Structures are given as C-alpha cells and as structure tokens.
Amino acid sequence: MEEQIMEVKIRQSGVKDLPGVGAATAEKLESAGYRDLMAVAVATIGELVETTGVSDAVARKMINAARESMKMGFETGTDVLKKRELVCKISTGSDAFNLMMGGGFETSAITECFGEFGSGKTQVGHILCVNLLSTDPDAVAVYLDTENTFRPERIKQLAEGVGICPEDALNRIMVARAFNSDHQMLLAEKVESLISEGKKVKLLVVDSLTSHFRAEYIGRGTLAERQQKLNRHMHTLAKVACTHNICVYVTNQVQADPAQFFGDPTKSVGGHIVAHASTFRIYLRKGKKGSRVAKLIDAPNLADGEVCFHVEETGLKDVN
Ligand code: GTP
Ligand code: MG
C-alpha cells in the first residue's frame with residue numbers, strides 16, 4: 001500500500017519539484033523532452049547544462065535528486081520471474097512463425113522487423129492488431145502510421161478472417177498519423193495518456209520507425225543528432241513496453257551496405273541504437289513462389305531460426 005502511494009507520488013511529481021528548478025528552467029526542460037523525473041535521472045550533466053543553461057553544480061544536484069526520488073533499485077530474480085508471468089504473446093497466425101517466437105510477439109518488449117519494400121512488415125503490423133483484438137475482448141491497439149500505409153479495409157478483411165466483428169476491431173484500433181520525427185516522438189509519449197484514460201493498450205505499432213528520421217537527417221554531419229533523437233525515441237518506446245506490459249512492434253527499412261561483398265548486402269537503418277534497443281529482431285524478405293521468409297536474428301531467450309509463410313487475404317498462413 002505504502003509502495004503504491006509512493007509510486008503515485010513519483011508519477012505525479014514532475015521536473016519542477018527538483019532543487020534549483022524554477023518555472024523557466026522547468027519549461028526549458030519540458031520543451032527539450034525532459035518531461036518526467038526518469039528522463040532527468042538518466043540524463044548527463046552536459047545535456048542538462050546545454051538545454052537549460054544552469055551550472056554544472058546545479059545540473060548535478062538535479063540529476064541526483066531525480067535519481068533519489070526514483071525507485072532505481074534492485075529486485076530479486078523471483079520478482080522478475082513474477083513479472084515475466086504477466087507477459088502475453090500475440091499470435092502471428094502462422095504456427096511456424098509463432099513457434100520461432102516462443103509463442104508469438106511478446107508484450108513488455110520491442111520487436112523490430114526490418115526488410116526491403118513489400119517484404120510484409122506493414123502486413124505483420126495489421127495482422128498483430130487483429131489477432132490481439134480477437135483474443136482479448138477489452139484490448140486496444142495503437143498504430144503510429146508514418147508512411148500513410150494503415151488500411152482500415154485490410155483490417156476489416158483480416159477481422160473477418162479470424163471471425164471477429166470488423167467494426168468492433170476498427171473501433172479498438174487508435175490510429176495516429178505522424179507527419180515528422182518530432183510529431184512521431186510526441187505521439188509515442190502520448191500513448192501513456194490513452195492508458196491513463198482507461199484504455200487497455202496491449203500493442204503499439206510504429207510503422208515505420210525510421211523513415212522520418214532517415215528523410216530529415218541527410219548527410220554525415222547530421223548523423224549524431226539523428227542518433228541522439230532516435231535513442232530518446234527508443235527509450236520512450238522501451239519505457240511504454242515495460243511499464244505497461246505492452247507489445248511494441250516497429251518496422252524498419254534496410255539500406256545497401258557497400259562494405260558487404262558476400263551474402264545479403266543490406267543492413268537496417270538506425271544502426272546500433274535501434275538494434276540494441278530492440279528485444280527481438282526479425283529480418284523479413286521475399287521467398288520462393290510469393291512466400292515470405294522471417295529470420296530471427298536476435299532474441300534474449302530463443303534460438304535463431306528461419307520460417308517461411310504466405311501473406312493471404314485472411315492473414316499469415318504456413319507453407320505446407
Ligand atoms: P514497405 O513499407 O514498402 O517497406 O513494405 P512492407 O514490408 O511494409 O510491405 P507490406 O507489408 O506492405 O507488404 C506488401 C505485400 O503484402 C504485397 O506485395 C502483397 O504481396 C502482400 N499483401 C498485401 N495485402 C495482401 C492481401 O490482401 N492479400 C494477399 N494475398 N497479399 C497481400
Ligand atoms: Mg510498409
């Protein structure tokens with residue numbers, strides 16, 4: 001009980017409660033994206049000095065106070081196991097794909113699918129929405145659409161395929177179109193407000209994670225800034241996934257890697273920042289006879305593997 005009260009207090013207290021932070025500094029912090037104590041607790045002194053203009057000593061005090069007020073302590077392996085028991089798996093519709101993923105796409109984790117155009121990344125996003133809604137009558141899916149590829153018609157078709165009411169399915173998917181990377185980052189932060197409104201969000205699709213970042217930051221000189229912003233975005237997504245037990249599914253493009261002479265000369269956008277922040281990473285590509293191949297290349301507790309399936313009207317189907 002006491003713990004709960006403490007947690008509520010932490011959640012309600014914002015950056016303006018930190019020592020040395022007046023109204024003006026609070027505003028600067030908030031507009032630079034440091035909206036809660038966690039963001040300040042994990043910031044560096046240099047970052048805070050740069051964004052707010054306070055002295056090193058004040059920045060250090062702010063960070064220390066933020067750290068002290070957070071429960072950044074340790075928990076036992078048993079506690080972690082208890083939390084793991086709450087993890088749900090969202091079916092892909094393909095038995096082979098589910099098996100490779102240990103049952104389906106996990107909540108409390110970020111799963112990234114990267115691959116070339118038409119490899120099926122967006123289809124997987126639509127299918128996960130419908131499969132979640134068909135197994136949990138109260139669940140809600142959130143779809144952050146950056147490329148204008150969300151198709152309600154496709155949702156209706158897939159809903160009919162799994163035998164749920166198409167209108168009900170559409171009513172339980174909250175779609176937001178992101179027009180640039182800042183907008184995308186803001187929308188990801190707003191998912192928490194949907195949850196506090198009482199919506200049982202279990203899936204967050206970000207399709208695509210990197211297209212705006214890639215289009216807005218061109219050339220070597222802007223790379224550091226792009227990666228810093230992507231890092232903050234991934235941090236928001238990871239926090240949403242873990243604090244609310246949500247499955248975060250992100251799609252990513254590939255770019256030619258001229259350094260690779262043998263094998264598949266493609267690599268995903270976003271580099272190590274995206275790769276390390278994703279819990280599961282899947283490489284999607286086109287296979288033989290119109291099939292699609294999904295290769296699991298990174299997972300904390302699953303063996304690497306490769307499966308083949310078809311994208312069909314009613315959803316994903318195994319290759320016989
Ligand atoms: P980009 O966003 O362009 O990078 O591609 P993507 O990886 O998101 O590809 P997407 O998920 O849009 O896959 C498109 C492919 O899915 C099409 O080329 C079709 O082969 C297949 N597809 C999409 N809709 C249907 C459908 O209703 N029925 C069938 N059978 N296949 C479909
Ligand atoms: Mg797509």
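Note that the structure is predicted; figures quoted are calculated from it, not measured. Each ligand, and each atom within it, is numbered from 1 in the order the structure gives.
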Visitor: If a pair satisfies ring-ring contact (aromatic ring centres under 6.0 Å, His included) and one of its residues is in residues 179-205, list it, with sequence neighbours excluded.
Guide: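 Those involving residues 179-205 are Phe179-His183.
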Visitor: Could you tell me whether Glu147 atom CD has more than 12 heavy atoms of other residues or ligands within 6.0 Å of it?
Guide: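 Count over threshold, so yes.
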Visitor: Any atoms of ligand 1 less than 4.0 Å from a non-hydrogen atom of Glu147? List them with their elements.
Guide: 2 (O)
Visitor: Looking at Arg232 and Glu189, is there a salt bridge between them, counting it only when a charged N and a carboxylate O are closer than 4.0 Å?
Guide: no
Visitor: Evaluate whether atom NZ of Lys89 has more than 12 neighbouring non-hydrogen atoms of other residues, nucleotides or ligands under 6.0 angstrom away.
Guide: yes
Visitor: Please indicate whether Lys200 has more than 12 foreign heavy atoms, meaning atoms of other residues, nucleotides or ligands, lying under 6.0 Å from its NZ.
Guide: yes
Visitor: Could you grab the protein N, O or S atoms closer than 2.8 Å to the Mg ion (ligand 2) for me?
Guide: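 Near the Mg ion (ligand 2), the protein supplies Thr122 OG1.
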Visitor: Answer yes when Lys199 and Glu197 have at least one side-chain N-carboxylate O distance shorter than 4.0 Å, and no when they do not.
Guide: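 Counted as a salt bridge, because a side-chain N and a carboxylate O are separated by less than 4.0 Å.
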Visitor: At less than 4.0 angstrom from any non-hydrogen atom of Phe117, what atoms of ligand 1 do you find?
Guide: 1 (P), 3 (O), 4 (O), 5 (O)
Visitor: Enumerate the atoms of ligand 1 whose separation from the nearest heavy atom of Gly120 is less than 4.0 angstrom.
Guide: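 Ligand 1 atoms under the 4.0 Å threshold to Gly120: 6 (P), 7 (O), 9 (O), 10 (P), 11 (O), 13 (O).
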Visitor: Glu313: heavy atom below 4.0 Å from ligand 1, yes or no?
Guide: yes
Visitor: Under 4.0 Å from a heavy atom of Glu312: which atoms of ligand 1 are those, numbered in the order shown and with their elements?
Guide: 28 (N), 30 (N)
Visitor: Working to the nearest 0.5 angstrom, can you tell me the gap between Tyr34 OH and Glu47 CD?
Guide: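 It comes to 4.0 Å.
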Visitor: Show me the pairs that pass ring-ring contact (aromatic ring centres under 6.0 Å, His included) and involve residues 128-170, at least two apart or across chains.
Guide: His126-Tyr143, His126-Phe150, Tyr143-Phe150
Visitor: Please confirm whether His310 comes under 4.0 Å of ligand 1, counting heavy atoms of the residue only.
Guide: no
Visitor: Could you list which atoms of ligand 1 come closer than 4.0 Å to a heavy atom of Glu116?
Guide: 7 (O)
Visitor: Would you call Val311 a ligand 1 contact, heavy-atom distance under 4.0 Å?
Guide: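 In this structure, Val311 qualifies as a contact of ligand 1 - some heavy atom is under 4.0 Å.
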Visitor: Kindly identify the option in Gln123, Glu153, His126, Arg285 whose heavy atom sits closest to atom 24 (N) of ligand 1.
Guide: Gln123
Visitor: Is ligand 1 less than 4.0 angstrom away from at least one heavy atom of Gln157?
Guide: yes
Visitor: At less than 4.0 angstrom from any non-hydrogen atom of Thr122, what atoms of ligand 1 do you find?
Guide: 2 (O), 6 (P), 8 (O), 11 (O), 12 (O)
Visitor: Only heavy atoms of Arg292, strictly under 4.0 Å: list the atoms of ligand 1 that pass.
Guide: 15 (C), 18 (O), 20 (O)
Visitor: Under 6.0 Å from the six-membered ring centre of Tyr283 and within 45° of its axis: does the NZ or CZ of Lys267 meet both?
Guide: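 Relative to the ring axis of Tyr283, which defines the angle, Lys267 lies outside at least one limit.
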Visitor: Using a strict 4.0 Å threshold on nitrogen-to-oxygen distance, state whether Lys295 and Asp304 make a salt bridge.
Guide: no
Visitor: Less than 3.5 Å between some nitrogen or oxygen of Gly118 and one of ligand 1, yes or no?
Guide: yes
Visitor: Is the number of heavy atoms from other residues, nucleotides or ligands under 6.0 Å of Glu116 CD greater than 12?
Guide: yes
Visitor: Sort and list the pairs that fulfil ring-ring contact (aromatic ring centres under 6.0 Å, His included) and have at least one residue in residues 300-320, not counting sequence neighbours.
Guide: Phe97-Phe309
Visitor: Can you tell me which residue and heavy atom of the protein come closest to atom 4 (O) of ligand 1, and the distance to 0.1 Å?
Guide: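 Result for atom 4 (O) of ligand 1: Lys121 NZ, 2.8 Å.
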Visitor: At what distance, to the nearest 0.5 angstrom, does CD1 of Ile173 lie from CG of Leu133?
Guide: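 Output value for this atom pair is 5.5 Å.
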